[in-house]
Protein chains: 2
Amino acid sequence: MNGVPADQDERARDEQALDETMRALAEPRRRAILRLVAHEELAAGEIAAAFEVSRTAVSQHLTVLKGAGLLVERREGTRRLYRARPEGLAGLRDFLDEAWTASLDVARRLVEADRAQLVGGGQEVRDAG
Amino acid sequence: MNGVPADQDERARDEQALDETMRALAEPRRRAILRLVAHEELAAGEIAAAFEVSRTAVSQHLTVLKGAGLLVERREGTRRLYRARPEGLAGLRDFLDEAWTASLDVARRLVEADRAQLVGGGQEVRDAG
DNA sequence: CGCTAACGTTAGCGCGAACTGACACTCGAA
DNA sequence: TTCGAGTGTCAGTTCGCGCTAACGTTAGCG
């Protein structure tokens, strides 16, 4: 089951989810917010008090983070408590591991090709694909 | 050696480096480029041919990725070959692991607090900090 | 009901960033 | 040195996004 349209759709969906995660985490303040609620559950007001921007801005950041699945919201009276959602980082974790291993692999292959070139004396070595 | 100004500077430097990494990876095309050069070393023209945007745009993307330390450039005649640089992902890897473990920890503590509340019958349990 | 606290939402503004097109540069070959 | 291939760089435009201010909403109290 490789290369079928259903697999393409799944790939596209993963990419879209990863894109949302990355765009959410690309903002320094959103990373700071995530760090806060990763250590303890906090109310929107408490989170906003930790920064020097308006509560409106923080609320929008919380909306983005929640939309990316990086946060979960729990209501308690008029207050809204937020905490980090570890599973939201799974997609990014997969991407990172994949890129990491692939990068190490291409580096290893280049070293081998370079060594082969030194031994063989300039033969064709760039056909590895 | 904790909490001293030198540590703050190091923290700030790490955050800035992480910010550059995240902003570079926030762009879908840049992630696609990184995937390409993570599997094999490619020239700028070959990379550009893989997308439907102008070579100018791809060149700018390559500049950003190189600036973030995610790519290395190697010149061969008029061609410029690029390949992924695994160490550039180290900072993001650290952030991810930290956020992951912290999120799991706060989730575990909340479950314990909830269980204690069920057993104790509504006693004060939200002082865990 | 009126009132307040705690939030989210909308409209509008300003900045940064991604894209295109034109130009400049650097090799290698004739 | 003249030419073409392969790339980087510089304006200029468009567009997304983070911010603020004002308004709307919901929960709890008297």
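Per chain, numbering begins at 1; letters A, B, ... match sequence-line order.
- Contact check of residues 50-57 of chain A against DNA chain D (heavy atom, cut-off under 4.0 Å) returns A/V53, A/S54, A/T56, A/A57.
- Scored by the side-chain hydrogen bond (donor to acceptor under 3.5 Å, both in side chains) test, B/R29 finds no partners at all (sequence neighbours excluded).
- With sequence neighbours left out, B/A26 forms a side chain to side chain contact (heavy atoms under 4.5 Å, CB included) with A/A26.
- In this structure B/A84 satisfies the side chain to side chain contact (heavy atoms under 4.5 Å, CB included) test together with A/S103, B/L34, B/V37, B/A38, sequence neighbours excluded.
- Expressed to the nearest 0.5 Å, how far CZ of A/R31 lies from CG of B/D19 amounts to 4.5 Å.
- Every side-chain hydrogen bond (donor to acceptor under 3.5 Å, both in side chains) that A/R85 has, sequence neighbours left out, goes to A/E87.
- Counting only residues at least two apart or in different chains, side-chain hydrogen bond (donor to acceptor under 3.5 Å, both in side chains) contacts with residues 51-61 of chain B comprise B/R30-B/H61.
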Reading 5' to 3' through nucleotides 23-30 of chain C, protein heavy-atom contacts under 4.0 Å coded B for base, S for sugar-phosphate only, - for none: ----BS--
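- Scanning residues 19-30 of chain A for heavy-atom distances under 4.0 Å to DNA chain D yields A/R23, A/E27, A/R29, A/R30.
- In terms of the side chain to side chain contact (heavy atoms under 4.5 Å, CB included) criterion, residue partners of B/A68 (sequence neighbours excluded) are, by chain and number, B/E20, B/A24, B/L70.
- The salt bridge (charged side-chain N to carboxylate O under 4.0 Å, His left out) check on B/D97 picks up A/R93, with sequence neighbours excluded.
- Across all strands shown, C/dT9 is found opposite D/dA22 as a Watson-Crick or G-U wobble partner, with both distances under 3.5 Å.
- Annotation: side chain to side chain contact (heavy atoms under 4.5 Å, CB included) contacts of B/R83 (sequence neighbours excluded): A/A107, A/L110, B/E41, B/V72.
- Counting only heavy atoms from C-beta outward, the side chains of A/L25 and B/L25 never approach each other to under 4.5 Å.
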Evaluation steps, side chain to side chain contact (heavy atoms under 4.5 Å, CB included), between B/L92 and A/F95: CA-CA 11 Å; B/L92 175 55; A/F95 166 80; 5.6 Å; no
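- Along DNA chain D, read 5' to 3', the first and last nucleotides having any atom under 4.0 Å from a heavy atom of chain A are D/dC17 to D/dG28.
- Note: A/D94 CG to A/L18 CG = 9.0 Å, rounded to the nearest 0.5 Å.
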Intermediate values then yes/no, salt bridge (charged side-chain N to carboxylate O under 4.0 Å, His left out), A/E98 and B/R35: CA-CA 9 Å; A/E98 200 176 317; B/R35 275 193 258 253; 5.2 Å; no
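- Using a 4.0 Å heavy-atom cutoff across all strands shown, B/A48 reaches no nucleic acid atom at all.
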